[in-house]
Every structure is written in C-alpha cells, then in structure tokens.
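Working notes for the structure below.
Labels below follow one simple rule: chain letters A, B, ... track the order of the sequence lines, proteins then strands, and each chain is numbered from 1.
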Number of protein chains: 2
Amino acid sequence: MSTAIDNPYYSPEFHGEYELISIGRLDLEEGGSIPDCHLAVATFGTLSAAKDNAIFVSTWYSGTHQIFRDEYIGEGHALDPSTYFIVVIDQIGNGLSTSPHNASGANADLAMSNFPKVRIGDDVVAQERLLREHFGIETLQLVTGGSMGAQQTYEWAVRFPDKVKRAAPIAGTAQNTDHDFLYVRVLREAITSDPGFHGGEYSSNADVAAGLERHARIWGVMGFSTEFWKQKVYTGLGFEDMDAFLAGFLQPYFAVMDPNDLLAMMWKWQRGDVARHTGGDLAAALGRITAKTFVLPIDEDMFFPIRDHVTEQAHIKGSELRVINDVLGHLGLFAVNPDYMPQVDRHLGELLATPV
Amino acid sequence: MSTAIDNPYYSPEFHGEYELISIGRLDLEEGGSIPDCHLAVATFGTLSAAKDNAIFVSTWYSGTHQIFRDEYIGEGHALDPSTYFIVVIDQIGNGLSTSPHNASGANADLAMSNFPKVRIGDDVVAQERLLREHFGIETLQLVTGGSMGAQQTYEWAVRFPDKVKRAAPIAGTAQNTDHDFLYVRVLREAITSDPGFHGGEYSSNADVAAGLERHARIWGVMGFSTEFWKQKVYTGLGFEDMDAFLAGFLQPYFAVMDPNDLLAMMWKWQRGDVARHTGGDLAAALGRITAKTFVLPIDEDMFFPIRDHVTEQAHIKGSELRVINDVLGHLGLFAVNPDYMPQVDRHLGELLATPV
C-alpha cells in the first residue's frame, strides 16, 4: 500500500504563503477522479466589486507560484497588483496542489505510484471551477503562463473562449511537439532508471538523488542555449565554471523535488494538445480562440523553437508574435537575465492596454 | 583482472573488409601507452607512383569506415577512387581499431575499464604514422571527416600543416564547446548509470542494454532537429511512427556496440581542442592552418550549430563556410537524405578542384 511521504520543500517556508483550497471531487479525462482535489493558490491585489480585474497565471514544470510572486508580479510590472487581482494556481502534481507525494486523507488511494493520469485539460477545469466557485470570477482580463503554463493558457483560451479576454502563452505550444515528447521521455527515464526509484515507491526523494541529478544535467543541455554556455553567462550569475553552476543552481533546484510529482507533470506536458477538442484539428481548435493573443517564444529556446510558435500563431485570429530575446533559452523563464522581465512587461503591458 | 570480450558486431561481417595494421607502441598525451596499437584501415583506389593522390578520411563517434564506403566514396562522388587513393582509418576506441573491448595480447592490460585516456591528438599521430610508414604517404590532397572526424581533420590541419593541402571538417569544431561537453556527459551517464555497466566490467554489452537504449533515445532528442520530428521525416524512411523509427533505427544501431568503446570515444570527443598546441589560444592554433579549408556545418545541427563553425572559420586563412542544408540535423551525416550527398559532393568537388 502506497502512502504519502513528507517533503519539506513543498511548504510555505520555500514558496511563501499560499492557500490550499479544495474544489471537491475532480473527474479526470483519462478516467478516475481525485476525490478531494486541493489547489495551492496565491493572490495579489484586490478583486474589484465588479470582479472584472482578474488575471490568471498558471505554473510550469517543476515551478510554483513563488517565481511569479518573486519575479513577475509587483509594482512596475505589467502584472501589477495595484490594478489587477492576480491569481496564481499551482498545477496539479506540482507538489503544493494535490500531488502523488502528498495524496492523503480522502486522496490516500492516489499516493505515489497510484496517482492517476492528469491532463492539462483537467488542470484548467479545476482552475476554472476554483476561480468561479471560490472567487466568483467569470472573466479574465488575461491568462498567462510559461512552458506548461503556456499549454494551460492555450487550453483556457480554447476551452473557455468567453472567459478569456487576453492570452499570453510564453515559451510553450498549444499542441506539444513530437520532439518535446521525446525530450520529456528522456527526462523521465533519467529518474525511473534509478534503482532507488523503485517503481515510484521510494521512501524519500533522497533515494532517487542520482536520477534527479541526471535529470538536472539533461536540463543543462536542453534548458539553456548553446550560446549560454559558450558565452559563459553563468559567470555573470556568480558561478566560477559550468560545473559550479550546475552544482549550485540546476542540481539543487531539482534535488529537493519529488520524483513522482515531476513524473505526473511530465506525463501531462507530453500530451498537452488543444486539438483534443476538435478531433485532432489544431487549426480548428486554435480558431476557437477569441482572446486577443500575444504568442511569446524565447528566441534561443531549444525545445520550443520560434518556428513551432509561428505555426500555431498563424491560426489565431488577430494574434501577434512577440519574440523574447534571451540567450538563456527556455530557462530564461526564471527571469535571471535583467533584460528578460522588461521585455515580458512590455509585451504584457501592451496586451493589457489593448481594448477587447 | 579485466579481459577483452567478444562482440561479433566488430567484424568484417558488419563493416566489410578492412585491414588491421599495427603501428607499434603509441605513447599517449595523457600518459601511458598502447603497447601494440592496431588501426583498422580501408582503402579505395590506387596510390599513384608519386604518392600524391591520397585523401584521408577519419571516423566519427560510433562510426566506422563502413559508412564512408557505402555512402561517401565511389564513382560519381567527390571521393572518387578512380582518381584518388582514399584511406579511411577507424579511430582508436571505435571497436575495430584498438579499443577497450578488444584489448588483448600485448594490450591485455588495457582491457575494458583499464583502457587509457586517448585524445584526438593521439589518433592523428597514429594515423600520420600509419600513412607514412605503411603507405609512404607524406602529403594529403584532402583530409575530411564528420563530427569527431571533423575534430580529427582540424587536428591534422593544425598539427601537420605541411602535409594537408585541403581540409573539409563536416559538422564538427576545432575546439569542442562547453555545451557539447555537457551533452556528451549526459550520454555517458545514460550508460554508466546502468547497474549492468558495473564500472565497465560487464561480461557482455547485453548487460548494459538498458543504458545503451537510453543513450540511443538521448541521441533521438539531440541528433536530429526539432523539424525532423515535426515533419515526420522518418515516414519517408519507411517507419510508421517515431517509436518505430527509434526502435528500428537508433536503438538497434547502438544496442550492438560496446559501452566501454563508446565511452573511450566520448572522453576524446569532450576534449577535442586544437588550442592545446598554442597554450589555449584558438585563433593562434587555427592561424597555423595552411590547408585550403571548407568548413561545412549542417544547418539544423542542434549541438554543432552553424554559429560555432563561423567563429572558428573566421580564424582560418582563405577558408570558406559552406553550409549543408539537412533537416536531419547532425545525423544528416548518415547520408539518408537524398539531398545530402549531392551537397557534400559539390563542396568537396569544388575544394578538390581548387589549386593549392
């Protein structure tokens, strides 16, 4: 019998304050359900009386609301809590919301390797329910997110076109690519091949330390750009050499995480696809979007390249392609490059200023 | 005590005829020596009486002379044996030349995990000796090779400038990049993390089947381009879907190989650097090249991108950048795209036609 395990990383100590809100039972697209689905929620600003100033932000693989609070949201940013009520909801499986490692109580049957397959669509259904039932929010001025958050953004815009006034998917696609599927499988295998993984029934994430470390180093190859390494950008971040950077940044970042939680997100990432709404017709699915949409690739992204965004953007009425330049590549999302947030703020600011 | 093991893949049955030629003892840059270094050699055409029509071709990671015989050399190709005497020498560690898995007799102390660290420079010293002592060849009309073969091509042109009239490195750099170092480390770890690897002391490559398979799938992510997968190019190669392609092509390609042999080549690849001749000054090293040089990147290469070639090419006097277009990316080197060899032949043909 699998049981939930403790992991101190998934706590306010590391992620700041958030509220755990139950949306009750969540039936899943792949079958089965989460009996008592909890979502971790962080909010910024004040919801207007008319409830018409809400922005929704979703999280990426391995990420939580914390990076948005620390880097994306605040005075001077487009995501300004003095104007907007900004809700960040942690995706299912991210370790703060209901996830394999913390499934207990009513969800005890879903612990560890018994966690069900959750899709991007399940996340978005859960998020919409929470926003409506808990906050009374029926329309969103903007939905945004990066990477898997972009997948969720597209899912929102296709599934709930009447609720999404503006959409800004960053560094992620509406239909996951085959190349990304293969990339994520390689990431999976780095973890599952560790004998300590034990089919998902380890007693601590430390049992899977070697697998998590290999997983981190694969991120080192694909997460940044070739030019990031060539220019030794990490020296500007205070690291002496590339191994110090990996050992001081990427490896510890992932080392504290739960393997089953990562795997739950990976399964979801691999299968993100808005064309599930239209019998596989991607153009038709994207044609449903009525939100004013800015598509924001990162120019040096190795696995969500610009051209994959361009193909999709062409199917979205009135959309614009806004390329973010960042030598960090995909992990530019971490906003460590001082040139990154000004670009994001400019694009999101213009989008929010566009009447819809 | 480590001992050599049998591996039927490394035989004429799979690689066609070749000659195993001893060059005697090879002292190594990293210390130690190979007491009786054997190199596998395949030749095509006839050496002229003046010994002035020789072309040398070196091999890439996991490759042997076989791919050159099957795809690159022959009537109608630039590498035409009716005009040139073409010598392909298998690199040390590739399984045909002296390698960890076959080290026996005088080399018995070097078997398996005891194999010494061999550098690109050691290969080139061994190749030059063989060409001179065995064939009496003192000058080469052309040195070429792809990937690690490009590393060896640059090493030739920098180390023996008087012997190399023309050089054509394909999809590889003179100084290995940090990104490539990290990529290769990820490949290494896919193999060494397999419990069956047993520190290099497995009894059969089949013991490491899982690691070799993971290693193959990482190649699937970086070896081809994102567009290769998006365009489903493999369907044109007769494979139904991407898993059929991996299971029918990349995985079996690597499954038969020896893990220690692959690791020996990886160590070498990671450290390829002509600037070792000039105290780390890459421009100075490349400035030594007197060969007429065409630098041939593949446009969709994910880990030897065009820009890395451009930087180096700028330091080579009178050189030209000749970009090969191939959606296959780095593994375009396999010449399965019908548009690939005509481009290579055109560039090599023009280079060979250039008076020097």
(message) Please determine whether the number of non-hydrogen atoms from other residues, nucleotides or ligands lying under 6.0 Å from atom NE2 of A:H198 exceeds 12.
(response) no

(request) Verify the neighbour count for atom CD of A:E240: are there more than 12 heavy atoms of other residues, nucleotides or ligands below 6.0 Å? (result) no

(request) Heavy-atom pairs under 4.5 Å with chain B are the metric here; pick the option from A:S193, A:P305, A:S225, A:G211 that has the most. (result) A:S193

(request) Mind ranking A:T311, A:T226, A:D180, A:V186 by heavy-atom pairs under 4.5 Å with chain B and telling me who comes out on top? (result) A:T226

(request) Check whether any side-chain heavy atom of A:E189 lies under 4.5 Å from a side-chain heavy atom of B:E213, and answer yes or no. (result) no

(message) side-chain contact (heavy atoms from CB on, under 4.5 Å), that's the test. Do B:D178 and A:Y234 meet it? Break it down for me.
(response) CA-CA 12 Å; B:D178 283 356; A:Y234 48 81; 3.7 Å; yes

(message) Between B:W229, B:Y183, B:F303, who has the most heavy-atom pairs with chain A when the cutoff is under 4.5 Å?
(response) B:W229

(request) Check A:R307 against B:K230 and note the closest heavy-atom contact, atom names and distance. (result) O-NZ, 4.5 Å

(message) What part of A:F181 gets within 4.5 angstrom of chain B, counting heavy atoms only: side chain, backbone, both, or neither?
(response) side chain

(request) Against chain B, label A:D308 side chain, backbone, both or neither, depending on which of its atoms sit under 4.5 Å from a heavy atom there. (result) both

(request) Kindly determine whether A:D243 and B:R185 satisfy side-chain contact (heavy atoms from CB on, under 4.5 Å), including the steps that lead there. (result) CA-CA 12 Å; A:D243 278 328; B:R185 184 159 67 188; 2.7 Å; yes

(message) Between B:H179 (side chain only) and A:V221 (backbone N and O only), is there a donor and an acceptor less than 3.5 Å apart?
(response) yes

(request) Apply the test side-chain contact (heavy atoms from CB on, under 4.5 Å) to residues A:L182 and B:L246: give CA-CA distance (whole Å), side-chain angles for both, the deciding distance (0.1 Å), then the verdict. (result) CA-CA 10 Å; A:L182 296 177; B:L246 289 171; 3.7 Å; yes

(request) Report the distance from atom CZ of A:R214 to atom CZ of B:R214, rounding to the nearest 0.5 Å. (result) 6.5 Å

